[in-house]
Structures are given as structure tokens and as C-alpha cells.
Amino acid sequence: KGTLYAGTGTQGKLFKVTGPGKGEVLADTEETHIRVLAMGENGTILAGTDGKGTVFEVTPAGKTRVLATAPMPEVTALLPGPAKRIYFAAAGQSRGGSRPSAPAPPPPPRPSEEERPAGQQPQEAAPQQPPTQPVPSPPPAGAGVESRIVALDQDGYAREIWSQPGELILSLALDADGNLLAGGGVDGKILRIDPTRSDSSLLQKTDSSQVSALLREPDGSILAAGSNLGALYRLGGKVALEGTFQSPVHDARVFSGWGTASWRGITPSGTAISMQVRTGNTAEPDSSWSDWSAPMSAAQGGPIDRPKGRYVQWKATLKSDSGKSSPKLGEVAISYLPRNLPPEVKSIEIQSPGVIYQKPNRTAGATAAPADGAATPGRGDREKASAKPSQQPRSQNDRDGRGAQWGATDPNGDNLVYSIYYRGTDEKEWKLMESDLTDPFFSWDETSLADGTYLLRVVADDSPSNPEGAALSAERLSDPFDVDNNPPSISEVRAALSGQGATIEFEVSDTFSNVGDVIYSVNAQPWEVATPTDGITDSPRERYRVQLPRVPPGEVTVVLKATDAAGNSTTIKTKLPASSR
């Protein structure tokens, strides 16, 4: 009837504008933003908000009623459908992501082979040196964003019919066949969604970054408004005779050899699908990449005859002879074998004597399937997906034991096994202590080693995840550590009485380490510290002279206890000569 309704981006108000300078607040939703509006039945207004993610119905008199609460905080699109059903899209933060925001415009696309000026040949660049270490890839477009589409029936029942992490739905429309069309806000895709099956297919990919509005015209065609770049598109009911789709570049993370390409699809009579593949060593395809492979027309595909590299991309060509029916591409699989890179032992820690490691209780974990579907992972990715998360061992005391733990990683995510060797610093050959360890820690009986200074050698290899002859290994040496199993000895004690006191002399020696604390007790009285005659304890042999100022009458027993630097101790007792007092 010529009335304009406007939802505000602040304070969530709905304005009713009836003419120049004539406006009033029809409703205040108390939400952060009114994000989208649509016309309902009998003059009502439907409003979707950002904040709590609510769908309101507002009557011409301004009375509001909540129809549904979205599963995410922002309602981004709203569409009345047949049988009084309402479709709406909600967006928000996906698990582990951040609040969605308007994506930045993508860089201008590089010219394709079809766009290259006539006569200009692609440059043949020398093969690049394959990277020896995987470089982390930047997060994909749409990371942290998630959208869900909900169908709200007349009786108030809300059913989620579609969801997709990494996608931001900004617009909705229905085509002539009753399928739901959704305009994306990440890379300009228009999706066709079957509400009864909750699946989707890519209908079109525009040159804009966002498809911000969709409108079905009376003749059944669809108008699509694009943003970044601003454009208006029309999707007619006729099928094009030929169309192509290029996948995102898939990062194998390391230099890889390529296996086969295959796909699944539906090809009605008079239609066909063919596939081409190219490879390279740069994240963005450039002149250093290989040419596209020859088209493969059988769905079971075939070998990828492209050079080894880190990155791969596929291109599908869909054809229709008559334009009456269209093929549908459902799934593409690219198999590859990443180049095996050696593991790395980053650290070794030797525990103090008497401390060992105990295996923690393990719990089985579920293995998640690859999320992007862009390529079938090779050996390295499979092993990485199946590897159990590492658990810290528990330390405990054992008088005769000793433990070591180490940190090791594998750039391919391969499972590792470890071998432990030892040798004395005065020896030349390594001796095997244990092999085929799967945990990054080990404990042993230290009394099986003679006193001395030793080194540990940890060897990690990725043989569980590689065929025979292809496994790689790495090793690391520990810092030197001492083994001292024998206690110090105390020589014969010489005692002499003098007046009411006494003097005792003795010597403490150790075969390996320095003498530590030496203490004494007279007739079970509290321990007293004995000091070496030279005033400092700094050698494996020390002399002691202890003055006892007053000796009790009768038989006197003196107990001596000596400890070495490794904590070993020995105790003896001696009787003083009988006093003449």
C-alpha cells in the first residue's frame, strides 16, 4: 500500500514511514539490531534480529510476537514460503572460531587459459625446490563462521534443514520447483537446498564475494544482487550447454606424489562430466604450475600424470547436449602420497636417581574424518588422524630405578617407535637398552650399571607408518649423567680421651662422587654435623676430627653417618675407651 518499513541497526527498532517526513516507531524489539525484514500475511511484518537471534511477527498496530529463537545469535535472511511456512537463516560463531564479520574482497582472479591473450604462451618455469618442512597454511575463507537454515511451520515447529561451517548465508529464495536457494557471504556461491532431504548443491558461483539478496521473478527466473563487486545477476530456467568449476587449491603440506583422481556424480542421458588436474609448489597457481592434465571422462578416473608437488587443484567440466537436463557432481577424490620427512627428537630429560615413569591409563579416542572433502589424504594424513594423543607419564619413586623422557615429533604425523642406547663417557660403543618403544619415556634399574658417567641415545623412526625401506629416523643424545650406586666408606675411628672430653678422628671416602653430609650422634642424642679438617666438603676423600667437650660417664657409643653426593649413605658405630673418671 506504499508504506515503507525500516529496521534500525541500533536499538532494534521498526519504523513505519507513510510519506515524506512522516514516520513513527511501530515496534521496539529491545534487540541489538533488526537484521532483516519480510512481508507476512494480512499486513504483518516479519523481523529477524541480531543479538538473541529472534524471529518476530509485528502486526499493523505494532503488537509484537516471538515466532522462534534461532540456533545462532544473528538472523541473516528471512523468507515466507508456501503453506505459511517461514524459512530463516542464522549465523554465528562456529566451534573454535570467532564472530562472523563481512569477509574482505578476494584478490582479482588470475587470467585463466581461456582469458589469456591470443598468442601468449604460459611460461615454463624451472621446477621449484620442494620444501623440506611443512609450512602452516592460512585459515580458509569463512573460518570461524557457521550458518544454519531453519524451516518454521505454521504450528510453531522449527526444524533445522541445513547447516554448514565456514559458510555465511545472507539471502534466501524459492525456485519454481520449490527448492530453496541460498546466497552465500563468503565466496559468492548460490546453493540449491532440498528442504525434504536437507542436502545442498552448488548452483552458481558469482564473481562477487557476497550474494546479499535473491528475488524470484514471475517468469521463474532468479535475480541475485552481489556485493564486492557490486553486480546484478539473472539466473534463467535454461541449462547452459557447458560449465566448469575449479576447486580450491588443496595443500598436501609436504612435497607429494599423486595417485589417482575419481569422482561421483549423476549424468542423465545427454550429459557428461570430465575432470582435469594440475599441480604446483606455490599456494596460488602461477606460471610455475603444471598445465592441466588431459580430460578424464570416466567416473572411476585414472592416474594423475602431473609432476610431484605440494599443492593440487582439480577442474570439472559439466556438459549438456540439449540444455534440457544437467549433470550433477557430488564428490571428488584425489589420492596422494606425501614425501616422507624424518622425525625430530627435540629434547631428552634424565630424572634424578630413584624417580621412574609409569604408563598412564589410556582412553580410546574417536577419529574424525577429513572435513573439506577436497582431497583424499595419503599415508601421512591417515596416520596422523589415527594417532592417539600423547599423554604425560606419571612419575613415582623407586630406590633402585631411574627414568628418562623425551619429546619427538614427525612432520608427516607418522606413528613413531623408539630405541634406547647407552654408553659410558669413557666407552666407544653404544649398547641397546630397549627397542620398539611406543611411549616417549623409559625407566630402568640403575643398579645394573656400574658407577660412572653415562650418555643416553634416543633413536626415533617412523617405520610403523611407512613401507620397508622408506622409513626415516632421527636421534638425540642426552646430557651426561652420573650413576653412583655404592655408598661411601668410613675408615677405622681413632678415639682419645682428654679430661672430661674426647677427640675422635676418621676418614670418609667414595669411589665415584664427592663426599656429602657427615653427621654423628652420641648415645642416641640429636645428630650433630661434622666438618672436614680443611673446612670444606669438596672431594671424594675427606678427613674429620670431632671434639666432644663433655663425655658422659660410663659406656659411650658414637654413631657416624656419611652420605655421598648421589644420596648413598653408610652408618657405623664406635665405642669410646672407658673413662678413668
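Note that the coordinates shown come from a computational prediction; the quantities given were computed from them, not determined experimentally. Side chains are part of it too, since the values below use all heavy atoms of this structure and drop only hydrogens, waters and symmetry mates.
Remark: Pro487 pairs with Asn568, Thr570 by the side chain to side chain contact (heavy atoms under 4.5 Å, CB included) rule, at least two apart or across chains. Remark: Ser473 engages Val459, Asp461 in a side chain to side chain contact (heavy atoms under 4.5 Å, CB included) (not counting sequence neighbours). Applying the side-chain hydrogen bond (donor to acceptor under 3.5 Å, both in side chains) test to Asp482 and every residue at least two apart in sequence or in another chain returns Thr453. With sequence neighbours excluded, the residues that form a ring pair (Phe, Tyr, Trp, His ring centres under 6.0 Å) with Tyr544 are Phe506. Among residues two or more places apart in sequence or in another chain, the side chain to side chain contact (heavy atoms under 4.5 Å, CB included) test is passed with Arg423 by Glu427, Trp430, Leu455. Take Trp263 and apply the ring pair (Phe, Tyr, Trp, His ring centres under 6.0 Å) test, not counting sequence neighbours, and it matches no residue. With sequence neighbours left out, Arg264 forms a side-chain hydrogen bond (donor to acceptor under 3.5 Å, both in side chains) with no residue at all. For Gln547, the side-chain hydrogen bond (donor to acceptor under 3.5 Å, both in side chains) criterion is met by Thr503, not counting sequence neighbours. Not a single side-chain hydrogen bond (donor to acceptor under 3.5 Å, both in side chains) links Thr425 to another residue, sequence neighbours left out. In this view, Asp451 and Asp484, Asn485, Asn486, Thr511, Phe512 satisfy the side chain to side chain contact (heavy atoms under 4.5 Å, CB included) rule, not counting sequence neighbours.
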Starting from the C-alpha separation in whole Å, work towards a yes-or-no answer on side-chain contact (heavy atoms from CB on, under 4.5 Å) for Leu548 and Leu576. CA-CA 11 Å; Leu548 302 178; Leu576 297 183; 4.1 Å; yes
Stepwise salt bridge (Lys or Arg N to Asp or Glu O under 4.0 Å) check, Lys52 with Glu31: CA-CA 7 Å; Lys52 297 177 182 177; Glu31 278 276 65; 5.3 Å; no
Starting from the C-alpha separation in whole Å, work towards a yes-or-no answer on side-chain contact (heavy atoms from CB on, under 4.5 Å) for Ile356 and Gln396. CA-CA 6 Å; Ile356 64 171; Gln396 64 181 39; 3.7 Å; yes
With side-chain contact (heavy atoms from CB on, under 4.5 Å) as the test, would you mind laying out the steps for Leu456 and Phe442 before giving the verdict? CA-CA 11 Å; Leu456 278 191; Phe442 177 65; 5.9 Å; no
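Annotation: the span from Met72 atom CE to Ser147 atom OG amounts to 7.5 Å, rounded to 0.5 Å. Separating the NE2 atom in His250 from the CD atom in Gln313 is a distance of 12.5 Å, to the nearest 0.5 Å. Here CD of Gln351 is found 10.5 Å from CG of Asn397. Values are rounded to the nearest 0.5 Å. Distance check, rounded to the nearest 0.5 Å: OG1 of Thr574 to CD1 of Ile504 gives 7.5 Å.
At distances below 3.5 Å, not a single donor-acceptor pair connects side-chain atoms of Asn466 with backbone N or O atoms of Asn340. Between the side chain of Ser521 and the backbone N or O of Gln525, at least one donor-acceptor pair lies under 3.5 Å.
In summary, the side chains of Asn412 and Asp462 do not present any donor paired with an acceptor at a separation below 3.5 Å, with no hydrogens or angles considered.
Residue Pro464 comes nearest to Asn415 through the heavy atom pair CD-O, 3.6 Å, listed as atom of the first residue, atom of the second, then distance.
Counting only residues at least two apart or in different chains, side chain to side chain donor-acceptor pair (under 3.5 Å) contacts with residues 528-539 comprise Ser539-Glu542.
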With a 3.5 Å cut-off and sequence neighbours excluded, list the donor-acceptor pairs that the side chains of residues 254-262 form with protein atoms.
| unit_1 | atom_1 | unit_2 | atom_2 | d |
| --- | --- | --- | --- | --- |
| Ser256 | OG | Val254 | O | 2.8 |
| Trp258 | NE1 | Pro307 | O | 2.9 |
| Thr260 | OG1 | Ser335 | OG | 3.4 |

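Of the candidates Asn281, Asp251, Thr279, Thr282, Asp251 is the only one forming a side chain to side chain donor-acceptor pair (under 3.5 Å) with Arg310.
If you look at Trp444 and Tyr422, their ring centroids are not closer than 6.0 Å.
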